[in-house]
Amino acid sequence: MRYLITGGAGFIGSHLAEALLEAGHDVHVIDDLSTGSIQNILPLKSRGLRYTVDSVFNEGVTAELVDWCDAIFHLAAAVGVMLIVESPVKTIETNIHATEVVLKHAAKKKRPVLISSSSEVYGKTTRVPFSEDDDIVLGPSVKARWAYAASKLVDEFLALSYFKERGLPTVVARLFNTVGPRQTGRYGMVVPRFVQQALSGGPLTVFGDGRQSRCFCHVTDVVEALVKLIQTPQAFGHVFNVGSNREISIRALAELVRRRVNPRARIKRVSYENAYEEGFEDMRRRVPNVSKIRRLIGWRSHRTIEEIIDSVAEHERMNG
Ligand code: UDP
């Protein structure tokens with residue numbers, strides 16, 4: 001098969017490209033390198049990866065690549081809470097317009113599309129675990145963080161509408177805190193940040209009271225789910241949670257990283273106001289119900305948080 005990956009030079013996209021090449025597929029990546037990195041994909045060139053450094057907004061280029069491929073993973077997006085708080089206009093425009101362009105051209109050629117969404121769309125919902133058809137509770141529009149969730153929701157609506165109205169095979173994957181080697185801590189992602197902080201002697205910065213929790217899923221597990229989903233026709237027209245359901249508080253995560261990476265590093269608390277902006281709202285708990293994806297494709301995450309921390313630390317030590 002020929003696969004197109006938008007945002008393929010990013011953290012998840014580059015792991016996906018690698019897995020697809022390994023399985024014998026042809027892969028073409030389009031990425032404008034706004035948050036992705038050419039270093040992520042250069043090693044894959046010798047294994048047959050093709051890539052185009054451009055934005056999917058460039059419709060001529062996107063149309064040609066869509067024509068070439070058999071199916072599309074649409075991963076190009078603005079990600080990371082810090083980026084969203086700092087550049088809300090760019091986030092909204094990137095997330096919505098890129099999806100519009102990709103779906104429009106995919107529909108012309110009837111190419112299946114997997115849209116990567118985010119657990120952010122569950123917003124402030126407090127009823128855990130989160131199921132795909134749960135109601136969604138977002139904060140007010142004056143708080144920049146919610147722009148990300150809203151933009152991803154529009155992407156989901158678009159994908160599902162193309163399926164319903166135009167018969168385009170689309171599937172939505174809601175990713176929950178995907179982590180692993182090559183993820184950058186620059187945009188706020190907590191695991192690479194803690195590991196980098198520990199490696200450079202600390203302190204590890206725990207935002208808020210540290211009792212908020214997340215479920216971290218290794219990127220290799222996530223990639224396996226994405227590939228199976230796009231290859232499963234019964235998945236089209238549906239939304240799937242993709243994540244681990246092992247919950248850990250951020251405070252406990254900091255302690256675990258410290259123990260495994262550098263027991264001498266200190267842990268420091270930082271208020272949300274100082275970390276992000278005045279009035280920042282964080283999610284207290286975020287746990288996926290993964291029974292829908294397990295029922296359809298038999299997928300569940302395997303790698304533990306300890307394995308995740310070790311693989312990130314190993315990568316950071318080698319590339320630090
Ligand atoms: N966080 C933290 N210290 C950091 C970066 C993040 O305590 O240096 C917290 C953050 O406030 C959130 C959790 O870790 O409660 C996960 O943050 P991340 O940005 O990785 O993902 P998301 O907020 O999207 O779940």
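Order of appearance sets the numbers: ligands from 1, and atoms from 1 within every ligand. Nothing here was measured: the structure is a model prediction, and the numbers come from that model.
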Members besides V101 in its Ile/Leu/Val/Met/Phe/Trp/Tyr cluster (side-chain heavy atoms under 4.5 Å): none
W146/E281 under side-chain contact (heavy atoms from CB on, under 4.5 Å): CA gap, chis, key distance, verdict: CA-CA 9 Å; W146 303 114; E281 291 183 87; 3.1 Å; yes
Side chain T6, main chain L75, donor-acceptor under 3.5 Å: yes
What are the distances between nitrogen or oxygen atoms of ligand 1 and protein nitrogen or oxygen atoms, counting only those under 3.5 Å?
from: ligand 1; atom 1: 3 (N); to: T205; atom 2: O; distance (Å): 2.6
from: ligand 1; atom 1: 7 (O); to: F207; atom 2: N; distance (Å): 2.7
from: ligand 1; atom 1: 8 (O); to: R193; atom 2: NE; distance (Å): 2.7
from: ligand 1; atom 1: 8 (O); to: R193; atom 2: NH2; distance (Å): 3.4
from: ligand 1; atom 1: 8 (O); to: T205; atom 2: O; distance (Å): 3.4
from: ligand 1; atom 1: 8 (O); to: T205; atom 2: OG1; distance (Å): 3.1
from: ligand 1; atom 1: 11 (O); to: Y276; atom 2: OH; distance (Å): 3.2
from: ligand 1; atom 1: 11 (O); to: D282; atom 2: OD2; distance (Å): 3.4
from: ligand 1; atom 1: 15 (O); to: Q212; atom 2: NE2; distance (Å): 3.1
from: ligand 1; atom 1: 15 (O); to: D282; atom 2: OD2; distance (Å): 2.6
from: ligand 1; atom 1: 19 (O); to: G188; atom 2: O; distance (Å): 3.2
from: ligand 1; atom 1: 20 (O); to: V190; atom 2: N; distance (Å): 2.8
from: ligand 1; atom 1: 21 (O); to: N177; atom 2: ND2; distance (Å): 3.4
from: ligand 1; atom 1: 23 (O); to: R145; atom 2: NH2; distance (Å): 3.4
from: ligand 1; atom 1: 24 (O); to: R286; atom 2: NH1; distance (Å): 3.3
from: ligand 1; atom 1: 25 (O); to: N177; atom 2: ND2; distance (Å): 3.0
from: ligand 1; atom 1: 25 (O); to: R214; atom 2: NE; distance (Å): 2.6
from: ligand 1; atom 1: 25 (O); to: R286; atom 2: NH1; distance (Å): 2.6

Show me the side-chain donor-acceptor pairs of residues 49-57 shorter than 3.5 Å, one per line, residues at least two apart or across chains.
from: T52; atom 1: OG1; to: H28; atom 2: NE2; distance (Å): 2.7
from: D54; atom 1: OD2; to: N58; atom 2: ND2; distance (Å): 3.0
from: S55; atom 1: OG; to: F57; atom 2: N; distance (Å): 2.9

Sub-6.0 Å ring centroid separation between F73 and Y3: yes
Where at least one partner belongs to residues 232-249, residue pairs that pass salt bridge (Lys or Arg N to Asp or Glu O under 4.0 Å), sequence neighbours excluded: R246-E306, E247-R285
